[in-house]
There are 2 protein chains.
Amino acid sequence: MKFITRDSDYALRALCYIASNREVVKVDELVANLGVPRPFMRKILQKLNKSGILGSTKGQHGGFRLKRPAAAVSVFGIMRIFQGKPELSSCFLKKEVCPERPHCALRKKLCLIEKGVFRQLKEINIASLIKAGRA
Amino acid sequence: MKFITRDSDYALRALCYIASNREVVKVDELVANLGVPRPFMRKILQKLNKSGILGSTKGQHGGFRLKRPAAAVSVFGIMRIFQGKPELSSCFLKKEVCPERPHCALRKKLCLIEKGVFRQLKEINIASLIKAGRA
DNA sequence: ACAAATGATACTATATTAGTATCATTTGTC
DNA sequence: GACAAATGATACTAATATAGTATCATTTGT
Ligand code: FES
Ligand code: FES
């Protein structure tokens, strides 16, 4: 079972790289340093741009830059962008909304777990990752 | 993002049904009551049998029966059977074992979260689900 | 012998994830 | 203004995982 997908993973690496190096970083530099396929990396960065995490400038001295403080970019936020809202508690029996939802014991318990996981994922951010990585 | 897959979900429903009804239950009865496609249900039950959660008898009065007390069958155990060990903390950069594993900050944090989730998933079991469902 | 159950296994379909390819647009430099 | 060097947008393909089906073999009670 995978919890973090590759695009989230690569996105986090790219963000850490950008945050701990220059202001503006080009795709090619990221590719060279992270070993991610170039077109895939581009796709990921463009998505981060659209989501407001990164800003970009085109042209000769263009590239990507962090648009927010590193501490304000959480792992939870990145996962939501690439994987949608992690939903630990889904019911499969019917296609419409499950009629038993309000009473479902399993769902209730999973929701509790979910809350805790989300809270923890929100606490991990680019700044804390960089700091922990250096220690 | 899905956390529990259908087979795990259906397995849990089947187990709850068996545990809260007769000793021995046939596939057809489960299918009739749970609305799961018969061949899929069979596949799931056979896997539960192989895993030692259920026992089975063939022939005319055959069927499936719980092989352990309901309280000893955890959601965690079922998920492991159908989804493999949930691995919140995987690294994608290389195909071999990641050389940075011992130092990786993200992985360390995810491992902590993982531990908590596992503990909680182990605490939820068929007996507690049935009890909570009746309340 | 036969019917009614499960066991084993192989196959197909659908959805998600991972990755590629291409052309358009912006921007600095000559 | 032409051109090179960057990103933007979009559409496509490949690989993998999930969901489900189909079939034949084996066991067991009557
Ligand atoms: S939400 Fe549908 S049975 Fe739990
Ligand atoms: S970078 Fe490989 S385990 Fe985190």
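Every chain is numbered from 1, with letters handed out A, B, ... down the list of sequences.
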task: Evaluate the ring planes of B/Phe76 and B/Phe118, with Trp represented by its six-membered ring, and classify them as parallel (under 30°), tilted (30 to 60°) or perpendicular (over 60°).
output: tilted
- prompt: How far apart are the C-alpha atoms of A/Arg107 and A/Leu110, what are their side-chain angles, what is the distance that settles it, and do they pass the side-chain contact (heavy atoms from CB on, under 4.5 Å) test?
  reply: CA-CA 5 Å; A/Arg107 208 187 127 267; A/Leu110 289 178; 5.8 Å; no
message: Just the rounded figure in Å: distance from P of D/dA17 to CZ of B/Phe82.
response: 18 Å
Base-pairing mate for D/dG29 - Watson-Crick or G-U, with both contacts under 3.5 Å: C/dC2
Identity of whatever pairs with C/dT17 - Watson-Crick or G-U, under 3.5 angstrom: D/dA14
A/Phe40 CZ - D/dC12 C1' separation (whole Å): 15 Å
- request: Determine whether A/Leu34 and A/Leu66 fall in the same hydrophobic cluster, where Ile, Leu, Val, Met, Phe, Trp and Tyr are linked whenever their side-chain heavy atoms lie under 4.5 Å apart.
  value: yes
- prompt: Taking NZ from A/Lys43 and C1' from D/dA9, how many angstroms apart are they, rounded to a whole number?
  reply: 12 Å
task: Please evaluate the base of C/dG7 for a donor-acceptor partner in the side chain of B/Lys50 within a cut-off of under 3.5 Å?
output: no
Using the 3.5 Å cut-off, write out each protein N or O paired with an N or O of nucleotides 5-7 of chain D and the distance between them.
unit_1: D/dA6; atom_1: OP1; unit_2: A/Lys26; atom_2: NZ; d: 2.9
unit_1: D/dA6; atom_1: O4'; unit_2: A/Gly59; atom_2: O; d: 3.4
unit_1: D/dT7; atom_1: OP1; unit_2: A/Val27; atom_2: N; d: 3.0
unit_1: D/dT7; atom_1: O3'; unit_2: A/Ser56; atom_2: OG; d: 3.1

query: Which of these nucleotides, C/dG19, C/dT20, D/dA19, is closest to any side-chain atom of B/Asp7?
result: D/dA19
task: Starting at atom CD of A/Gln83, determine the distance to atom P of C/dT17, rounded to an integer number of angstrom.
output: 7 Å
task: Give A/Pro37 one of three labels, base, sugar-phosphate or nothing, depending on what nucleic acid heavy atoms sit under 4.0 Å from its own.
output: sugar-phosphate
task: Give me the ring orientation class for B/Phe3 and A/Phe3: parallel if the planes are under 30° apart, tilted from 30 to 60°, perpendicular past 60°.
output: perpendicular
message: Is there a side-chain contact between A/Arg22 and A/Tyr17 in this structure, where contact means two heavy atoms from C-beta onward sitting under 4.5 Å apart?
response: yes
query: Whole Å only: how far is the CE atom of A/Met41 from the P atom of C/dA18?
result: 13 Å
statement: Here the distance between atom P of C/dT17 and atom CG of A/Asp9, to the nearest Å, is 14 Å
- prompt: To the nearest Å, how far apart are B/Leu48 CG and C/dA8 P?
  reply: 13 Å
Pairing partner of C/dC23 (Watson-Crick or G-U wobble, both distances under 3.5 Å): D/dG8
query: What integer distance in Å separates A/Arg65:CZ from C/dT27:C1'?
result: 14 Å
- prompt: Can you list the steps and then say if B/Arg13 with B/Asn33 is a side-chain contact (heavy atoms from CB on, under 4.5 Å)?
  reply: CA-CA 10 Å; B/Arg13 289 171 204 263; B/Asn33 284 282; over 6 Å; no
- request: Go through A/Leu129 and A/Val75 one step at a time and tell me if the side-chain contact (heavy atoms from CB on, under 4.5 Å) criterion holds.
  value: CA-CA 9 Å; A/Leu129 283 177; A/Val75 170; 4.3 Å; yes
